[in-house]
Each structure stands twice: as C-alpha cells, then as structure tokens.
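To start, the structure itself, in structure tokens.
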Amino acid sequence: MKYKFRTIEKKWQQFWRIKKTYEPNFKKTKKPFYNLMMFPYPSAEGLHVGNMYAFVGSDIYGRMKRMQGRDVFQPIGLDGFGIHSENYALKIGAHPMKQAKVSEKRFYKQLEIIGNGFAWEERLETYDPEYYKWTQWIFIQMFKNGLAYRKKAPVNWCPSCKTVLADEQVVSGKCERCSSVVEKRELEQWFFKITAYAEKLLENLNIIDWSERVKIAQRNWIGRSEGASIEFEVKDTEYKIEVFTTRPDTLFGATYMVLAPEHSLIQKLKYRIKNWAEISSYIQKSKLESEEERINESKDKTGVELKGLRAVNPATGESIPIWIADYVLAGYGTGAIMAVPAHDERDFEFARKYNLPVRIVISDGTVVSPLVRAYTGTGKLVNSGSLDGTDFESAKWQITRKVSGRREIQYRLRDWLISRQRYWGAPIPMIYCAACAQLGKGEQIDSVQGGMLGWYAVPEKDLPVKLPFVKEFRPKGKGSSPLASVKNFYEVKCPKCGAKARRETDVSDTFLDSAWYYIGYLNLKKPFNKTTIKKWSPVNMYIGGAEHSVLHLLYSRFLAMAFHDMKLVDYDEPFTKFRAHGLLIKEGAKMSKSKGNVVNPDEYIKKFGADALRVYLMFLAPFEQGGDFRDASILGIVRFLDRAWRYFVSCRDKGRTGGKKNTIELQKLMHKTIKKVTDDIENLHYNTAISALMVLLNEFEKQTVVSVDYMRYFLLLSAPLAPYMTEELWHSFGNKTSIHREKWPSYNSKLVEDNEFDLIIQINGRVRDTVLVSKGIVQEEAEKIAREQIMIKKWLGTNAIKRVIFVKDRLINFLI
RNA sequence: GCCGCCGUGGUGAAAUUGGUAUACACGACAGACUUAAGAUCUGUUGUCCGCAAGGACGUGUCGGUUCGAGUCCGACCGGCGGCACCA
C-alpha cells in the first residue's frame with residue numbers, strides 16, 4: 001500500500017501532456033491570468049535545487065489561480081543565448097550551438113519531473129532564430145526611434161570574458177559572470193538610451209505592486225539627485241566650467257574647483273597650462289587604473305593643480321585654483337565640481353592634503369574653525385554676504401538664481417551598453433557603409449548623438465541575421481567579436497547605395513533577449529499582435545530572484561516603456577505584480593560548487609518523489625525569505641505525505657466515507673483551513689499553508705467520521721502543493737478528470753467565525769486564567785464570570801479593583 | 001558612510017498586526033508493537049523552583065511609551081542586502 005511515486009509521477013506527466021491540462025485557451029478565454037517565472041539560463045549541468053525552489057513556488061500560485069477559475073498561462077523556456085551559456089560551453093570544451101541542444105533536453109526533462117503545470121506548447125529558446133529574429137527587430141526599432149546609438153566612451157572591459165559589460169553587470173568592480181576585476185577601456189560601442197526613462201522608471205516604482213526590496217534597489221541604482229547647475233568662468237578665457245551641485249547654498253565656500261582627468265577643457269586649454277608634463281602624466285596614470293584600484297585608493301586622494309588657469313567663484317568674485325583629480329568622475333554630472341571643503345567630506349580631505357583654504361559658510365551655531373572634519377549638516381548661512389542668516393534650504397535656490405544657475409536633476413543611471421564582443425548572442429542587425437559615411441549619409445544622421453554616419457539597420461525582410469556556425473568561437477580579446485573574422489558574414493552590400501559595406505559583428509547583450517520574452521511566449525510568429533498582447537499582458541504575477549533587481553527587471557521595464565511610446569503595447573509596466581523569492585542556502589552558506597554544498601534535486605526526487613521535494617522546499621521557510629536546506633527535515637514531509645496517502649487509501653478500501661455528518665468542531669476546522677490555505681497561498685506563505693493541512697490531517701485521523709466532501713476538500717487544497725499524489729488519489733476515488741481543473745473550495749464564513757472564545761483574564765496585566773465564553777459578551781457579564789473563577793478569587797483576595805480594562809472578544813484585565 | 005531588512009526553544013520556524021509567546025515540523029528522550037533492526041503508533045520536550053497545585057523568568061542588549069510590547073519609540077550590539085569618491 002506504499003505510495004509508489006515513480007510510476008505514479010510518470011503516469012500523470014503523460015496524462016497532463018496528452019490532455020493539455022495546462023494549456024490555456026488563448027482566443028476564447030474570458031479570465032486570462034499570466035503567471036510567469038523567470039526562465040532559467042542553462043549554464044550548468046542541470047537545474048539547481050534553487051531553481052526548483054523558485055519554479056515550484058511560482059507553480060503553486062498558478063495552480064491555485066487555475067482552480068479558482070482563471071485561465072492560467074504559465075509558460076517555460078530557456079534563456080540559452082549569451083555569455084552564461086557560452087562560458088559554460090567554454091568551460092566544458094563544447095561548442096555552444098551543440099551544447100544548447102544537450103542542455104535543452106536535460107533542463108526540460110527536469111522541469112517536467114518537478115511537476116509544474118507548464119504550457120509546454122508555447123516554450124521558447126532565445127537562441128532559436130525564430131526568436132532572435134525579433135530580438136533583432138527590437139534593436140532596429142530602438143535604433144529607428146533614436147534609442148540605440150554608438151559612442152566612444154570609457155567602458156567596462158572584462159579581461160577574462162574578453163568583452164565590454166554594462167554598468168549593471170559590474171558588481172563592486174568585478175564581472176557579474178566570472179568575478180574578474182573589470183578594466184576601463186576607451187571604445188566605441190552600442191548603447192540603449194535607458195537614461196531617457198530615468199524619471200519614469202523611478203516614478204512608476206510608486207505605483208507597481210513589487211517586492212519592496214527590489215524597488216529600493218532600483219531607486220538606489222537610478223540615484224536621483226536634485227540640485228543646481230552653475231557656471232564658473234575660467235579667468236582670461238572665453239571658457240566656462242559647468243558644475244552640478246546638490247548644495248548650491250554652500251557656493252560662498254567654494255574655494256577651488258576640480259575637473260575629472262578626462263574633462264574636455266583640459267585638452268582645449270592645454271596651451272595655457274604651465275605644468276603640462278605633470279598634468280599629462282597624471283591623466284595617463286589614472287587612465288590605466290582599474291575600477292578596483294580607484295575604489296581602493298579612494299582613501300588617499302590624489303590630484304594636480306592646473307597651473308596657469310584660475311576660475312572665478314560667481315558668488316564671491318574671487319579667483320580660485322583649478323585642479324584635476326580622479327576623485328571626480330567623468331561620467332557623472334558635468335565631470336567637474338566646485339569644491340567646498342568645509343561642507344563636503346571628500347573636498348575636505350583633499351583640501352587638507354594639498355593645503356587648500358577651508359571656509360565655513362553653513363553653521364548651526366556649533367561649527368567653529370578650525371574644522372576637524374567637514375560639517376555636512378544643516379543650518380543657517382554665514383560668511384555669505386547679504387545671505388547671512390538665511391536658512392540653507394531656501395538659500396539653495398536664492399543663490400542659484402543670483403548666479404544665473406538653474407535647478408537640475410541628475411541621475412546615477414547611465415545608458416545601457418548593449419554590444420558584446422562574443423560569439424554566442426544575437427548579431428546586432430546593423431550595417432556600416434563607408435561610402436555613405438563619406439557623403440554624410442546614414443539612417444540616423446539627425447541624431448543628437450554623433451558618430452552615426454553611415455549606419456543602416458538591416459532591412460526587416462532580411463531578418464533574422466543568422467548567427468553562423470563558427471568553429472573558432474572563442475572570444476578574441478581584441479575589442480571585436482569572433483564574427484569579425486568570418487568574411488562571408490560581415491561582407492554585405494549597403495542597403496542604401498549598394499556599395500560594399502560591413503556588417504556589425506558584435507552581438508547584443510543576453511539581457512536584451514530576456515527583456516521581452518514574456519511577449520514572445522504569447523505568439524512567437526507575430527509577437528506584437530495587438531489583440532493577444534491586450535488580452536494577455538502585462539503579466540499578472542511575476543516571480544523571480546532579487547539578484548535581477550537592477551539587471552533584467554530594470555531592462556524589461558525600460559523596454560516596455562519604449563514599446564509603449566512606439567505604440568507597440570498599451571501599458572508601460574510589463575509586470576503588474578512581482579515577488580522576489582528568497583535564497584535557498586545549505587548549512588548556512590550559499591550553495592556553490594567550490595564549497596561542495598550544492599544540492600542535486602534529482603537525487604531527492606529519486607529517493608522521495610517530486611511531491612515530497614516540492615512540499616519540503618515550500619515548508620522550510622516563508623517563500624519570500626528563503627532558507628536552509630536540511631536533509632533531516634525532509635523526512636517530516638515524507639512522513640506527512642505517507643500518512644495522507646495511507647489515510648485516504650484505507651478510507652477508500654474500508655468504504656469509510658459515507659455521507660455521515662461531521663462534528664461541529666471538524667466543520668469549523670475544515671472551513672478555517674480552507675480560508676487559511678487560500679489566504680496563505682495568495683500571499684505566498686506556503687509554509688503556513690502546509691502546516692494548516694498537517695493540522696487538518698491530524699484531526700481527520702482522530703475523527704471516527706469524516707465525510708467524503710471533506711476528504712475531497714483536503715485533496716483540492718493540497719493539489720497545488722503535491723500535484724501528483726493528489727491527482728492519483730483523486731482518480732482512485734473514481735474521478736475521471738484532472739483534479740487540477742477542479743473548482744477551488746470556498747469556505748462558509750459563519751463556520752470560520754467562532755461563537756465562543758477563551759476570555760483571557762489578567763490581573764495587573766498578567767494572565768491568571770482563561771474561561772470559555774460566548775462571543776459578543778459585554779463587559780458587565782465578562783467581569784461577573786471572571787470574578788467567579790477560583791484562580792481569580794484567589795488572586796484578587798481582598799484587594800480593591802482600581803480599574804478594569806475590557807477588550808471585546810479578547811480579554812479582561814483587573815488592576816489592583 | 002548612506003538607504004533598507006532581520007535577530008524568537010537544541011534546529012527550521014508560528015504568532016488574527018499592541019492582547020494566552022513558541023502553532024506546525026525536525027531532533028532528542030521515554031514507552032508500545034517486533035526475535036531484532038527499520039517503519040509505524042503513543043507520550044514528554046523554553047529555563048529555573050516545586051512531590052504537586054502552582055509560581056518566577058523568558059523573543060540580541062539597555063532604556064521608554066502602555067493596563068498590556070516579539071510587535072510601537074530611542075540608543076547600542078550582531079547579521080544580511082542595495083548603493084558607494086555620484087559632488
């Protein structure tokens with residue numbers, strides 16, 4: 001009578017596939033529900049138990065929605081293009097194109113075994129030309145709408161992956177993929193203008209229903225600062241230095257200026273600089289420094305004064321020195337700052353080192369010279385001429401106006417570097433024609449950004465630009481993709497003039513593939529079909545890892561906004577609701593191969609069955625929190641499922657399921673459980689939903705009579721969690737159709753509400769007794785009953801009661 | 001440094017949002033069944049005092065608000081995540 005999960009699981013996998021149990025009715029549906037889980041990238045031997053954890057959590061939610069009458073679309077695919085998979089192929093010495101087919105089989109098999117209700121017919125892989133045709137089409141739309149451009153800029157270069165990276169893919173100076181220290185290189189690259197949507201990306205965070213921690217990460221990343229832009233004249237020249245500051249109120253304290261070493265003015269005024277040799281060697285040195293070195297050396301700032309140049313402080317009219325220093329970043333603001341050492345820690349440190357003047361201009365009355373550290377607090381203005389005594393906040397805009405500056409908002413966010421010098425990705429569908437460039441022609445020559453002469457998008461009829469099979473696919477490291485050595489790939493005709501032209505050989509970032517896949521699932525032949533999009537998107541519920549907070553989740557939002565403005569979709573947020581699942585760890589540490597603590601889910605499925613693994617994963621901690629995978633604890637779940645199995649099978653065999661009436665206690669418990677499980681699954685509190693089912697089963701076992709209805713309810717409530725076993729039991733009770741298409745039970749609210757409760761009796765706030773009374777009892781009566789209790793009589797003794805606190809339907813507290 | 005989250009039994013964790021702290025499990029201990037092991041079932045299981053009834057203490061630490069604090073406020077200690085020379 002044992003639960004033979006191996007044969008049972010196989011049986012239902014087939015049944016579900018043949019009966020299309022999890023395929024929605026795309027055209028006719030009235031209640032669509034798009035339940036999406038971040039698709040995996042096959043970059044390892046197979047699915048990690050952490051992936052399983054995430055997928056199961058998403059599946060449970062979708063299964064309940066389906067049973068609640070929604071037509072649930074829960075697709076699956078593989079994010080198999082890009083650096084993740086390519087690096088894996090490199091590691092095991094396989095060709096990524098061939099390895100993809102191997103991974104595909106393996107991953108899909110595992111995803112089926114775990115028992116998720118996927119719509120298999122709509123699956124997709126990002127490396128399928130059918131798919132990346134549209135990735136390329138999207139690139140072209142971005143180009144045509146001025147959102148894709150080329151520019152030469154200092155960019156992140158990973159020496160081990162041998163490609164450039166977006167800022168989002170550099171995690172504290174290291175490559176997100178391989179953890180190598182990232183270098184800076186001056187290269188011409190393709191960018192997507194995500195900064196055009198900075199404000200909207202930030203603002204919409206207030207209206208979308210997303211996990212708070214992801215919103216916070218995005219807010220930090222976008223990094224909005226409000227301030228002013230102010231110009232400083234360079235003495236005896238026609239040049240001006242524009243700075244951005246969040247503290248224009250401290251302008252009177254600006255005693256020097258600092259330019260980033262890359263600042264364009266330095267080259268322009270080269271002839272005026274007296275110590276050019278020194279300056280030029282400083283610039284050289286800072287160019288060579290890696291991000292990490294720059295961060296590490298941040299404690300000791302360096303810089304050189306531009307001798308022969310002076311600037312004018314527009315507030316005081318004073319002549320102040322100009323320095324260059326690499327603590328000023330070229331990529332933020334204007335690449336130049338006004339230094340206010342008295343009120344900025346960095347400027348203070350620099351001023352102290354190079355003996356530059358410090359002038360206090362803000363004080364709360366306690367700020368006195370000489371300062372030990374910068375005073376960054378609030379206060380009133382001092383040493384600021386006619387503005388002395390003004391509050392710093394209102395002084396900000398008074399000063400800005402006075403020196404003809406303007407209010408400005410700066411973002412930390414920078415444009416998305418989209419090109420990669422790698423093989424395994426969607427070729428960027430662009431063509432460069434030198435002939436056209438010479439004639440000043442190009443598809444986007446009006447663009448605000450320069451460098452676009454001679455560039456044309458591949459005509460849409462020529463899509464996809466297929467990635468050729470290349471034997472020598474290894475990254476070269478010379479700033480170009482391996483495709484740059486494939487002559488019959490890059491030699492093309494100019495789509496405009498027909499002259500010999502060159503195809504772009506870089507491929508696009510993997511994150512472009514995954515930024516639109518939720519649309520791809522709906523209809524890969526015609527993804528931007530208006531009717532389907534309108535009916536099925538945005539995604540109702542999206543679940544995934546928080547590690548994508550500023551990668552995939554930010555890029556997807558950006559693209560949806562761009563699609564919206566191109567009138568391709570009518571919403572601007574792709575995921576109405578997003579929840580980040582927690583991280584699964586092992587023995588207190590993140591699972592990793594080097595630590596040797598990676599849990600292989602297949603072993604557990606083989607040993608205990610997929611249902612046991614599913615329920616265990618969901619039971620160990622709240623889904624959004626994540627937790628510790630422990631071998632010992634899974635046995636508790638195995639016992640629970642076995643007990644349920646035995647209970648149902650023996651009831652069936654003994655015919656112990658007549659229509660007899662359940663006790664009132666059981667009725668109450670049943671309906672409370674329905675409510676609890678429903679609410680808990682809705683809130684992703686799977687651990688407490690499972691414990692409620694355990695309590696119910698414990699009670700079933702104690703009862704002499706449990707009606708067949710209640711047994712059905714138990715199975716229905718457990719179905720999302722343990723889809724195989726419940727399906728088997730469902731059928732063994734004579735049902736012919738899938739339990740997963742059955743109606744979710746509803747509860748009777750009268751039975752959920754108790755009409756009696758344990759009145760807590762406290763004396764001086766300490767519980768001394770409880771007594772069962774009926775709900776709605778008034779204070780007078782409660783007091784009377786309470787005072788009759790032996791324990792209470794004893795505690796009250798002869799003391800006078802000073803005060804009585806009565807909380808309706810909860811407690812009574814006597815103060816003596 | 002800034003922003004945010006979290007600290008509850010031996011362990012994973014619960015706690016109608018200010019109202020009986022430790023549900024549900026794991027582990028441990030004891031017992032039943034068994035030749036035995038395993039499986040299963042039944043108890044006990046926060047700490048201390050007590051034969052018991054019962055009592056005291058107890059949610060990282062210290063303080064506060066409150067009739068009442070795991071929950072709210074302040075300071076500190078410890079852990080995690082995001083940003084980080086962003087002017």
Side-chain angles (χ1 to χ4, degrees), chain A residues 2 171-173 212-225 227 243-247 250 254 258 260 294-295 297-301 325-329 331-340 343-347 349-350 376 410-414 546-547 549-550 580 583 588 616 619-622 625-637 639-640 642-643 646 672 675-676 679 685 687-695 697-698 701 752 758-770 791 794 802-807 809-816:
Chain A
K2 241 185 120 50
V171 182
S172 45
E212 205 53 37
R213 55 184 162 142
V214 173
K215 289 191 187 184
I216 288 159
Q218 293 207 354
R219 270 189 206 110
N220 281 341
W221 186 257
I222 296 166
R224 183 183 196 270
S225 306
V243 301
F244 171 75
T245 175
T246 54
R247 296 294 303 270
T250 63
V258 188
R294 248 173 114 142
I295 291 163
E297 283 178 13
S298 70
K299 276 169 197 122
D300 189 29
K301 295 184 177 30
D326 61 9
Y327 83 91
V328 174
L329 305 172
Y332 184 78
T334 60
I337 59 151
M338 63 178 212
V340 185
H343 305 291
D344 182 281
E345 280 164 27
R346 295 150 301 179
D347 297 344
E349 193 192 313
F350 192 78
T376 53
Q410 281 288 339
Y411 301 93
R412 221 195 57 90
L413 181 72
R414 272 172 254 175
E547 69 274 16
S549 298
V550 295
L583 197 68
Y616 171 61
F619 182 67
L620 58 77
Q625 181 190 302
D628 211 336
F629 188 99
R630 308 163 126 257
D631 283 19
S633 314
I634 197 169
L635 296 173
I637 298 300
R639 282 203 275 266
F640 167 62
D642 278 349
R643 245 171 61 217
R646 281 201 306 273
K672 279 181 183 172
K675 182 174 178 0
K676 178 140 184 72
D679 293 350
H685 297 162
N687 56 333
T688 47
I690 293 162
S691 91
L693 288 167
M694 287 172 167
V695 172
L697 181 65
N698 289 346
E701 288 175 331
V752 169
D758 276 319
L759 177 74
I760 298 157
I761 310 169
Q762 296 181 328
I763 290 168
N764 286 342
R766 312 200 57 139
V767 180
R768 294 305 176 189
D769 207 354
T770 64
M791 283 304 295
K794 198 182 117 194
K802 286 186 199 140
R803 203 178 139 193
V804 180
I805 288 137
F806 177 71
V807 181
D809 294 341
R810 193 151 296 269
L811 63 77
I812 189 158
N813 186 5
F814 297 103
L815 303 187
I816 56 172

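Protein chains get the first letters and strands the later ones, always in sequence-line order, with residue 1 at the start of each.
- Mapped onto RNA chain B by nearest heavy atom, S225(A) and L815(A) fall at different nucleotides, with L815(A) at the one closer to the 5' end.
- Between C85(B), C83(B), U40(B), one nucleotide has an atom nearer to the side chain of R412(A) than all others, and that is C83(B).
- Applying the side-chain contact (heavy atoms from CB on, under 4.5 Å) rule to D642(A) yields the partners K2(A), Y3(A), V638(A), R646(A); only residues at least two apart in sequence or on another chain are considered.
- In this structure, G7(B) forms a base pair with C77(B), meeting either the Watson-Crick or the G-U wobble geometry with both donor-acceptor distances under 3.5 Å.
- Separating the C1' atom of A39(B) from that of C48(B) is a span of 38 Å, rounded to the nearest Å.
- Set against A87(B), C85(B), G19(B), the side chain of Y332(A) has A87(B) as its closest nucleotide.
- Contacts of Y616(A) classified as ring-ring contact (aromatic ring centres under 6.0 Å, His included), with partners at least two apart in sequence or in another chain: F629(A).
- Side-chain proximity of A621(A) to the nucleotides G4(B), G82(B), A13(B) is greatest for A13(B).
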For nucleotides 49-58 of chain B, read 5' to 3', which letter fits each nucleotide if B means a protein heavy atom sits under 4.0 Å from the base, S means only the sugar-phosphate is that close, and - means neither? -----SSSS-
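- Taking only distance into account, the side chain of N813(A) meets the base of C67(B) through a donor-acceptor pair shorter than 3.5 Å.
- Annotation: side-chain hydrogen bond (donor to acceptor under 3.5 Å, both in side chains) contacts of R768(A) (sequence neighbours excluded): none.
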Let me have a per-nucleotide readout for nucleotides 23-32 of chain B, 5' to 3', with B, S or -, counting only protein heavy atoms under 4.0 Å. BBSSS-----
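- Here R213(A) pairs with nothing under the salt bridge (Lys or Arg N to Asp or Glu O under 4.0 Å) rule; sequence neighbours left out.
- Take S691(A) and apply the side-chain hydrogen bond (donor to acceptor under 3.5 Å, both in side chains) test, not counting sequence neighbours, and it matches no residue.
- Nearer the 5' end of RNA chain B, as judged by each residue's closest nucleotide, is the contact made by I805(A), out of I805(A) and T246(A).
- Annotation: side-chain contact (heavy atoms from CB on, under 4.5 Å) contacts of I816(A) (sequence neighbours excluded): I763(A), N764(A), L796(A), N799(A), I801(A).
- Taking D344(A) as the reference, R346(A) meet the salt bridge (Lys or Arg N to Asp or Glu O under 4.0 Å) condition, with sequence neighbours excluded.
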